[in-house]
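Atoms considered below: every heavy atom in the structure, side chains included; atoms not considered: hydrogens, waters and symmetry mates. Numbers restart at 1 for each chain; the letters A, B, ... are given by sequence-line order, proteins then strands. Here the structure is a predicted model, which is why all the values come from computation and not from measurement.
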Number of protein chains: 2
Amino acid sequence: MRRQETIDEIVAEAWELSRANGLANFSMRELGTRVGMRAQSLYSYFGSKLEICDAMFLDGNRRLLETMRAETDGFDITADPTGTIEATARGFLRFCTSDPVRYQLLFQRTIPDFVPSPDSFAVAQEAFDLAIAPLRAQGIDDQGVDLFTAVLAGLAAQQISNDPGGDRWERVIPSAITMLLRELCPNLYPTPPSTRSQP
Amino acid sequence: MRRQETIDEIVAEAWELSRANGLANFSMRELGTRVGMRAQSLYSYFGSKLEICDAMFLDGNRRLLETMRAETDGFDITADPTGTIEATARGFLRFCTSDPVRYQLLFQRTIPDFVPSPDSFAVAQEAFDLAIAPLRAQGIDDQGVDLFTAVLAGLAAQQISNDPGGDRWERVIPSAITMLLRELCPNLYPTPPSTRSQP
DNA sequence: GTCTATAATCTGATAGAC
DNA sequence: GTCTATCAGATTATAGAC
């Protein structure tokens, strides 16, 4: 389908402009010019600018889904639970920090009046469920998952806004994951006795 | 000074409009009307719209400074380190979640072309230093502080964007702080032997 | 599907009278 | 300090020819 290709190109350019000027900080004129048409012609592909944002949201979540799938691919949850969990955590963080604007669209509510359509929200849900599957497999409960996601979200947020392009919080990942696994499944990841004081 | 009162009123209304329409999503006309003048008259108080944003940034950080001061007020760091740390953490989180737009301005870089002035940045630095003082007092190093701030930032971010107005991640605070203190100063906050498996 | 034309409105900002 | 007048341009979106 040629139409689908055009749609994909529009979305790709919308990402490009957002990365350069800030999320959704492009005009229909600007976007149209980028894809080689007048702004008005965009309306035969999308009903409004917010529909383009929704297409970006869908696209971003599809990529997240792919990333999480690829990241857990070489791992066997039952055979190597900690390896799988660490891989998903690292994959998720790399996904976030590698594209701050995408992180902003997917995980923060920052575009006024933007509400994801049911279709794109479903993909977001699917990606989230896949990402936390290794945690569920270890019997971690709702509160544990919330704690885990909060730590990952925090590392991403800090890295993006306080050290963009650097690795200051990326370097904290190992100790963060160790800490989380110690807290959430101590039987799986016991504290090394040598490093702890015995009362 | 009557001039200062007007300036304060402008900033207050800018917050109000941002809370209603999204951060910095107000026009000078709109803001002027709110404070009872034409948009053009605002320019005798601020040189540009971004200067108003900077005044908001300064105001927000001053309030953060006040909050952190008030929160640690009843505590003695040397006598009750964990109590002090818990209080500052809770105070910080309440500060963040109670005003998502303020959180967005203070802790995320989301307004295009906005750069804090040196003066307002200095206040931000002062607030941060005060907030982590109890951690430093416990000898927690740079990486430890980064881990701590990441967890707090994550709890705030998740609470704000995934459960606004609720308390889903607020309820995780106790276990998060316990986990952090266990990890970062085990001598101060030893793991209760009863709940752990002995190898 | 893409175009021209245009609606209808908003934008931040400046000049100068009073 | 506040006003009127205005600049110079932007914005999303629609109508209708081709």
Side-chain angles (χ1 to χ4, degrees), chain A residues 1-58 101 105 109-117 120, chain B residues 1-58 101 105 109-117 120:
Chain A
M1 228 52 164
R2 179 164 198 120
R3 181 179 168 81
Q4 189 57 49
E5 278 172 29
T6 307
I7 287 176
D8 291 346
E9 198 193 338
I10 292 169
V11 172
E13 289 296 340
W15 278 122
E16 204 66 48
L17 285 169
S18 289
R19 271 180 226 113
N21 310 332
L23 178 57
N25 234 270
F26 56 82
S27 66
M28 298 297 271
R29 277 170 157 78
E30 225 177 341
L31 180 56
T33 303
R34 286 283 200 121
V35 297
M37 61 177 77
R38 306 272 103 167
Q40 299 89 323
S41 303
L42 294 169
Y43 287 90
S44 39
Y45 299 98
F46 294 97
S48 70
K49 190 182 174 182
L50 283 181
E51 274 188 27
I52 297 178
C53 293
D54 190 55
M56 295 168 74
F57 184 82
L58 176 61
V101 169
L105 175 59
R109 296 270 166 277
T110 189
I111 301 179
D113 303 324
F114 170 63
V115 181
S117 65
S120 48
Chain B
M1 228 51 164
R2 181 168 197 118
R3 181 178 170 82
Q4 190 57 47
E5 278 172 29
T6 307
I7 288 176
D8 292 346
E9 196 192 339
I10 291 171
V11 172
E13 290 295 340
W15 278 123
E16 204 67 47
L17 285 169
S18 289
R19 270 180 226 115
N21 310 332
L23 179 58
N25 233 271
F26 56 84
S27 66
M28 298 296 272
R29 279 168 158 77
E30 222 177 343
L31 180 55
T33 304
R34 284 284 198 122
V35 297
M37 61 178 76
R38 307 271 102 170
Q40 299 89 323
S41 303
L42 294 169
Y43 287 89
S44 39
Y45 298 98
F46 295 98
S48 70
K49 190 182 173 180
L50 283 180
E51 274 188 27
I52 297 178
C53 293
D54 190 56
M56 294 167 74
F57 184 82
L58 176 61
V101 169
L105 176 59
R109 293 272 167 276
T110 190
I111 301 179
D113 303 323
F114 170 63
V115 181
S117 66
S120 47

Worksheet item: Looking only at heavy atoms, what is the nearest atom pair of A:I52 and A:A14, with distance?
Response: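 Answer, listing the atom of A:I52 first, then A:A14: CG2-CB, 4.0 Å.
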Contacts under 3.5 angstrom, residues 36-48 of chain A side chains, donor-acceptor by atom type, not counting sequence neighbours:
{"from": "A:S44", "atom 1": "OG", "to": "A:S41", "atom 2": "O", "distance (Å)": "2.6"}
{"from": "A:S48", "atom 1": "OG", "to": "A:L50", "atom 2": "N", "distance (Å)": "3.4"}
{"from": "A:S48", "atom 1": "OG", "to": "A:E51", "atom 2": "N", "distance (Å)": "3.3"}

In a table with atom names and distances, give each donor-acceptor pair under 3.5 Å that connects a side chain of residues 22-33 of chain B to protein atoms at least two apart or in another chain.
{"from": "B:S27", "atom 1": "OG", "to": "B:E30", "atom 2": "N", "distance (Å)": "3.1"}
{"from": "B:E30", "atom 1": "OE1", "to": "B:S27", "atom 2": "N", "distance (Å)": "3.2"}
{"from": "B:E30", "atom 1": "OE2", "to": "B:N21", "atom 2": "ND2", "distance (Å)": "3.3"}
{"from": "B:T33", "atom 1": "OG1", "to": "B:R29", "atom 2": "O", "distance (Å)": "2.9"}

Worksheet item: Any side-chain heavy-atom pair from B:I10 and B:T6 closer than 4.5 angstrom?
Response: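 Yes, their side chains come closer than 4.5 Å.
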Worksheet item: Hey, are the side chains of B:R109 and B:P116 touching, using non-hydrogen atoms and a 4.5 Å cut-off?
Response: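 In contact.
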Worksheet item: For B:S18, which residues count as a side chain to side chain donor-acceptor pair (under 3.5 Å) partner, sequence neighbours excluded?
Response: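 Expected list: none.
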Worksheet item: Once you round it to whole Å, what is the distance between P of D:dT11 and CG of A:D113?
Response: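 Rounding to the nearest Å, CG of A:D113 and P of D:dT11 are 18 Å apart.
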Discussion item. Going by salt bridge (charged side-chain N to carboxylate O under 4.0 Å, His left out), name the residues that satisfy it together with A:R34, two or more places apart in sequence or in a different chain.
Written reply: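 Expected list: A:E13.
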Practice prompt. May I ask you to list the residues of residues 6-38 of chain A, by number, that have any heavy atom positioned under 4.0 Å from an atom of DNA chain D?
Written response: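 Only A:F26, A:S27, A:M28, A:R29 qualify.
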Worksheet item: If you walk 5' to 3' along DNA chain C, what is the first nucleotide with an atom under 4.0 Å of a heavy atom in chain A, and what is the last?
Response: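 First-to-last contact on DNA chain C, by the 4.0 Å heavy-atom rule, is C:dG1 to C:dT6.
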Worksheet item: Would A:R19 and A:E16 pass as an ion pair if we require N to O under 4.0 Å?
Response: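 Looking at A:R19 and A:E16, the cut-off is met.
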